[in-house]
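First up is the structure itself, then whatever we jot down about it.
Only heavy atoms go into these numbers, but all of them, side chains included; no hydrogens, no water, no symmetry mates. The chains referred to below are lettered A, B, ... by the order of the sequence lines, with proteins before strands, and numbering in each begins at 1.
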There are 2 protein chains.
Amino acid sequence: MNIGEVSRASGLPAKTIRYYEDIGLVTPQRAANGYRTFRDSDLHKLSFLGRARSLGFSIEDCRTLLALYEDRGRASADVKLVAQKHLAGIEQKIAELQQMHATLSHLVHACAGDNRPDCPILADLAAPATAKA
Amino acid sequence: MNIGEVSRASGLPAKTIRYYEDIGLVTPQRAANGYRTFRDSDLHKLSFLGRARSLGFSIEDCRTLLALYEDRGRASADVKLVAQKHLAGIEQKIAELQQMHATLSHLVHACAGDNRPDCPILADLAAPATAKA
DNA sequence: ATAGATGTTCCAGTCACTGGAAGGTCAAGG
DNA sequence: CCTTGACCTTCCAGTGACTGGAACATCTAT
């Protein structure tokens with residue numbers, strides 16, 4: 001398979017696939033004309049990567065997960081640990097975003113949004129330490 | 001005030017303050033020795049920026065908000081629009097993260113986490129389109 | 001005089017791509 | 001045989017918002 005075909009099959013942009021080769025996540029073979037030639041196993045890896053990335057795993061996590069996937073003697077505990085750490089990171093990000101959301105939605109609600117200059121949003125940004133509402 | 005003092009007062013790292021000068025968000029004066037000299041208004045701006053950034057506004061949003069803040073003839077509607085767009089972005093990110101969280105926590109839960117190789121997490125990553133649970 | 005804290009600039013790296021330029025290769029149609 | 005268009009190649013630069021570090025100047029206190 002050429003890169004266009006694996007791109008369609010994996011859902012990953014060709015640019016991304018080349019990048020993954022660059023950083024050593026896949027190692028397609030080369031045809032005589034210089035074109036990359038992907039085996040089924042390469043496509044499989046790329047799909048794995050696409051799915052792991054879509055769950056928010058970092059590239060380094062993906063590298064680890066891929067290595068574990070290919071290690072038939074792995075301990076599932078190792079996989080679980082990677083996933084749990086990532087899960088904790090996600091939870092933290094959600095909490096941060098929810099905090100922002102609470103503050104911002106409160107401010108947006110309080111803002112008239114008309115043609116007058118008075119604006120509680122700007123007032124809040126300008127006066128951080130002040131108690132509000 | 002020198003950069004160290006405004007750094008302590010604003011809570012922003014000196015590096016960040018220099019960066020903000022680089023991109024034109026603040027324009028401190030210079031003393032004869034080449035040191036940056038910050039006025040109260042500069043510190044005020046930096047605090048504003050720090051707070052806006054902590055609410056997740058992009059640098060470009062911050063630039064807009066700062067301009068609106070300093071425009072006494074602004075319409076609060078303009079401010080509100082910026083905030084609402086940002087709020088929508090936050091809501092989308094939260095939704096994405098919650099989707100990831102749901103999938104991942106399900107998988108983590110299903111994984112024994114022992115020294116055997118069988119692992120539903122890897123199984124899921126390897127078989128994306130398959131129904132699970 | 002000197003030590004240590006503070007300041008300066010500039011360059012490079014982060015993360016995971018993404019865009020674009022400049023050019024080689026291939027299959028189909030005239 | 002030639003051209004057109006789709007596909008492929010490499011390489012360089014940019015994204016966002018800093019952050020780290022090197023190499024050097026300046027200030028403050030002893």
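Linking ILVMFWY residues whenever their side-chain heavy atoms come closer than 4.5 Å, directly or via other members, leaves B:L81 and B:I90 in distinct clusters. Residues A:M1 and A:Y35 fall into different hydrophobic clusters, defined by Ile, Leu, Val, Met, Phe, Trp and Tyr side chains chained together at heavy-atom separations under 4.5 Å.
Shown here is A:Q92, whose CD atom has no more than 12 heavy atoms of other residues, nucleotides or ligands within 6.0 Å. Heavy-atom contacts from other residues, nucleotides or ligands closer than 6.0 Å to CG of A:D22 number more than 12.
Applying the side chain to side chain contact (heavy atoms under 4.5 Å, CB included) test to A:R8 and every residue at least two apart in sequence or in another chain returns A:E5. Qualifying side-chain hydrogen bond (donor to acceptor under 3.5 Å, both in side chains) partners for A:D114, counting only residues two or more places apart in sequence or in other chains: A:R116, B:S76. Looking at residues two or more places apart in sequence or on another chain, you find a side chain to side chain contact (heavy atoms under 4.5 Å, CB included) between A:Q98 and A:I94, B:I94, B:Q98. By the side chain to side chain contact (heavy atoms under 4.5 Å, CB included) test, B:N115 is found to be paired with A:A75, residues two or more places apart in sequence or in another chain being considered. For B:A83, the side chain to side chain contact (heavy atoms under 4.5 Å, CB included) partners at least two apart in sequence or on another chain are A:L104, A:V108, A:I121, B:F57. Every residue two or more places apart in sequence or in another chain that forms a side-chain hydrogen bond (donor to acceptor under 3.5 Å, both in side chains) with B:R30 is listed here: B:E21.
If you walk DNA chain D from 5' to 3' and mark each nucleotide with an atom closer than 4.0 Å to a heavy atom of chain B, the marks span D:dA17 to D:dC27.
Note that OH of B:Y20 is 9.5 Å distant from OG of B:S10, once rounded to the nearest 0.5 Å. Between the NZ atom in A:K80 and the CG atom in A:D78 there is a gap of 12.5 Å [rounded to 0.5 Å]. Expressed to the nearest 0.5 Å, how far CG of B:L43 lies from CZ of B:F48 amounts to 14.0 Å. Between atom CG of residue A:L25 and atom CD1 of residue A:I17 there is a gap of 12.0 Å, rounded to the nearest 0.5 Å.
Of the residues in residues 3-21 of chain B, those lying under 4.0 Å from DNA chain D by heavy-atom distance are B:P13, B:K15, B:T16, B:Y19, B:Y20. Taking a 4.0 Å limit (strictly below) on heavy-atom distances, residues 85-96 of chain B does not reach DNA chain D anywhere. Taken residue by residue, residues 28-41 of chain B places heavy atoms nearer than 4.0 Å to DNA chain D at B:N33, B:Y35. Residues from residues 52-64 of chain B lying near DNA chain C, meaning a heavy-atom separation below 4.0 Å, are absent.
Between its two ends, the helix from C:dA1-D:dT30 to C:dG30-D:dC1 turns its axis by 30°, counting five pairs per end and rounding to 10 degrees.
Taking both residues in full, the closest heavy atoms of B:A52 and B:C62 are given as CB-SG, 3.7 Å, listed atom of the first, atom of the second, then distance.
Using a 4.0 Å cut-off between charged nitrogen and carboxylate oxygen, B:D42 and B:K45 do not count as a salt-bridge pair. For the pair A:R63 and A:E60, the salt-bridge criterion is met [side-chain N within less than 4.0 Å of a carboxylate O].
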